[in-house]
Novice: 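Would you mind keeping the following structure in view while I ask a few things?
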Amino acid sequence: MANSRKVIEFFYDVVSPYSWLGFEVLCRYRNVWNVDVKLRPAFLAGVMQGSGNKPPGLTPNKFLYMAKDLHRLSQYFQVPLNVPSNPFEAMFEKGTLSAMRFVTALQESEVGGDKQVEQVSRELWTRIWSLDKDISQPGSVSEAAVKAGLSASDVEELLKLSTSKQIKDKLKSATQEALDHGGFGFPLLVCHVNGKAEVFFGSDRFELIAHCIGEKWVGPQPTAAKL
């Protein structure tokens, strides 16, 4: 039983740069660890509100630290993070509700896994947290999705689907599930081990996650390490 395959649910929102770090590391480890990764796009603002938490960007000293922290983490994790020129506008004024509804619609439509969900999520993170580009407008989301490999016609259909009650309710449901797990921010990782859910917050808990699931953590670049 100890060697049985584990499932890790990854709750995320592309508004969160720390989620991007955790996302990339988990994608690197899914073929190294004996795990199945289940991507769970959700809405961070809903989790923050539902848990009574406040974004670090609203506290001046936390925000100043976060900017320095992300620069260091970008180098350590080898993820091309750059703080947007107007982070308050990108994170709080524009937000990612439409983008996360699009990702949810894509996941609802994709058959045989989350390959496209992964690719589109990565492109959205790249736009906002590397290239300082918009992801709140339909044209911006379309550009990211096409770059990720989707056809223009598929993108058009997904944009329509993303405004439906079905998709809005699915995103709300995923957000509520994160809250039900005790979530107060993203990334939220839920490891299912021998019938029990172990919950972890943040992109800096992989050593502990490895211990929990009986695997080995060898740093953010497992293919470059000697296993």
Side-chain angles (χ1 to χ4, degrees), residues 8-33 35 37-44 47 55-57 62-91 94-96 99-100 102-103 106-107 114-136 140-141 143-149 185-191 200-210 215-225 227:
I8 299 180
E9 292 185 90
F10 185 80
F11 290 85
Y12 71 97
D13 184 326
V14 296
V15 77
S16 164
Y18 292 97
S19 291
W20 190 12
L21 298 170
F23 171 88
E24 295 296 356
V25 170
L26 202 54
C27 286
R28 294 167 190 169
Y29 267 89
R30 67 186 160 200
N31 294 321
V32 176
W33 289 346
V35 297
V37 175
K38 186 176 181 181
L39 297 178
R40 300 299 308 275
F43 188 45
L44 179 55
V47 168
K62 283 186 178 180
F63 178 76
L64 289 172
Y65 175 80
M66 186 178 77
K68 295 177 182 177
D69 191 42
L70 290 174
H71 177 69
R72 291 188 292 244
L73 290 169
S74 173
Q75 296 177 327
Y76 178 67
F77 283 98
Q78 292 294 291
V79 175
L81 270 171
N82 291 298
V83 177
S85 56
N86 190 337
F88 188 87
E89 178 188 54
M91 291 188 287
K94 291 184 175 181
T96 54
M100 294 315 295
F102 182 87
V103 175
L106 175 58
Q107 187 172 60
D114 284 335
K115 184 177 180 181
Q116 290 181 325
V117 171
E118 176 188 334
Q119 293 169 332
V120 170
S121 296
R122 182 176 289 113
E123 288 299 332
L124 289 168
W125 263 307
T126 299
R127 283 184 69 87
I128 186 174
W129 283 105
S130 185
L131 303 177
D132 195 11
K133 291 184 177 181
D134 174 75
I135 62 167
S136 64
S140 303
V141 175
E143 189 175 330
V146 169
K147 190 173 181 181
F186 288 161
L188 186 75
L189 296 91
V190 181
C191 303
F200 299 88
F201 165 73
S203 57
D204 58 350
R205 291 294 182 266
F206 284 105
E207 241 181 305
L208 192 55
I209 289 171
E215 296 285 352
K216 186 178 180 181
W217 167 253
V218 292
Q221 295 283 357
T223 57
L227 299 176

Novice: Quick check: closest heavy atoms across S121 and V14, and the distance to 0.1 Å?
Specialist: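 For S121 and V14, the tightest heavy-atom pair comes out as O-CG1, 3.8 Å.
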
Novice: Using the rule given for side chain to side chain contact (heavy atoms under 4.5 Å, CB included), can you reason through V25 versus S203, listing the C-alpha separation, both sets of side-chain angles and the distance that settles it, and then say yes or no?
Specialist: CA-CA 8 Å; V25 170; S203 57; over 6 Å; no

Novice: Show your working on side chain to side chain contact (heavy atoms under 4.5 Å, CB included) between D69 and Y18 and close with a plain yes or no.
Specialist: CA-CA 10 Å; D69 191 42; Y18 292 97; 2.9 Å; yes

Novice: May I ask you to test the R122-E118 pair for a side-chain heavy-atom distance under 4.5 Å?
Specialist: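 Touching, per the 4.5 Å side-chain cut-off.
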
Novice: Any side-chain heavy atom of L26 sitting closer than 4.5 Å to one from L39?
Specialist: no

Novice: What pair of heavy atoms forms the shortest contact from G185 to F201, and how long is it?
Specialist: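 Residues G185 and F201, closest heavy atoms: C-CE1, 3.4 Å.
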
Novice: Do E143 and K133 come within less than 4.5 Å of each other through their side chains, counting heavy atoms only?
Specialist: yes

Novice: Just verifying a value: how many Å separate L21 CG and D204 CG, rounded to the nearest 0.5 Å?
Specialist: 10.0 Å

Novice: Measuring from atom CD of E215 to atom CH2 of W33, what distance do you get when rounded to the nearest 0.5 angstrom?
Specialist: 7.0 Å

Novice: Indicate the atoms forming the closest heavy-atom contact of V141 with I135, along with that distance.
Specialist: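 Between these two residues, the closest heavy atoms are CG2-O, 3.4 Å.
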
Novice: Tell me if the aromatic rings of W20 and Y12 count as close, with their centers under 6.0 Å from one another.
Specialist: no

Novice: Do the non-hydrogen side-chain atoms of L189 and F206 ever get within less than 4.5 Å of each other?
Specialist: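 Yes, their side chains come closer than 4.5 Å.
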
Novice: How about CZ on R28, more than 12 heavy atoms from neighbouring residues, nucleotides or ligands closer than 6.0 Å, or not?
Specialist: yes

Novice: What's the separation between atom CZ in R40 and atom CG in D13, rounded to the nearest 0.5 Å?
Specialist: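 Here the interatomic distance stands at 14.0 Å.
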
Novice: To the nearest 0.5 angstrom, please state how far the CZ atom of F10 sits from the CZ atom of F200.
Specialist: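 Between atom CZ of F10 and atom CZ of F200 there are 14.0 Å.
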
Novice: Please report the closest heavy-atom contact between L44 and S16, naming both atoms and the distance.
Specialist: CD2-CB, 4.1 Å

Novice: Apply the test side chain to side chain contact (heavy atoms under 4.5 Å, CB included) to residues M66 and K62: give CA-CA distance (whole Å), side-chain angles for both, the deciding distance (0.1 Å), then the verdict.
Specialist: CA-CA 6 Å; M66 186 178 77; K62 283 186 178 180; over 6 Å; no

Novice: Mind listing the closest non-hydrogen atom pair of S74 and L81 along with its distance?
Specialist: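 Looking at all heavy atoms of both residues, the shortest contact is OG-N, 3.3 Å.
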
Novice: For K94, run the side chain to side chain contact (heavy atoms under 4.5 Å, CB included) check against P84, S136, S140 and tell me which one passes.
Specialist: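 Among P84, S136, S140, the one that satisfies the side chain to side chain contact (heavy atoms under 4.5 Å, CB included) with K94 is S136.
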
Novice: Decide yes or no for W129 and V79: does some side-chain heavy atom of the first lie under 4.5 Å from some side-chain heavy atom of the second?
Specialist: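 A side-chain contact under 4.5 Å is absent here.
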
Novice: So which heavy atom on S130 is nearest to which on P80, and how close?
Specialist: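 Looking at all heavy atoms of both residues, the closest pair is OG-O, 2.8 Å.
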
Novice: Atom CD in E123, atom CD1 in I128: separation rounded to 0.5 Å?
Specialist: 14.0 Å

Novice: Is the ring pair W217/Y29 parallel, tilted or perpendicular, if the boundaries are 30 and 60 degrees?
Specialist: parallel

Novice: Would you say the side-chain atoms of Q221 pair up with the backbone N or O of Q78, donor to acceptor, closer than 3.5 Å?
Specialist: no

Novice: Measure the spacing between CD1 of I209 and CD1 of I8 and express it to the nearest 0.5 Å.
Specialist: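 With rounding to 0.5 Å, CD1 (I209) is 6.0 Å from CD1 (I8).
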
Novice: Determine the sole option in W125, F11, F77 for which the ring-ring contact (aromatic ring centres under 6.0 Å, His included) test with F23 is passed.
Specialist: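 Exactly one option meets the ring-ring contact (aromatic ring centres under 6.0 Å, His included) with F23, and it is W125.
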
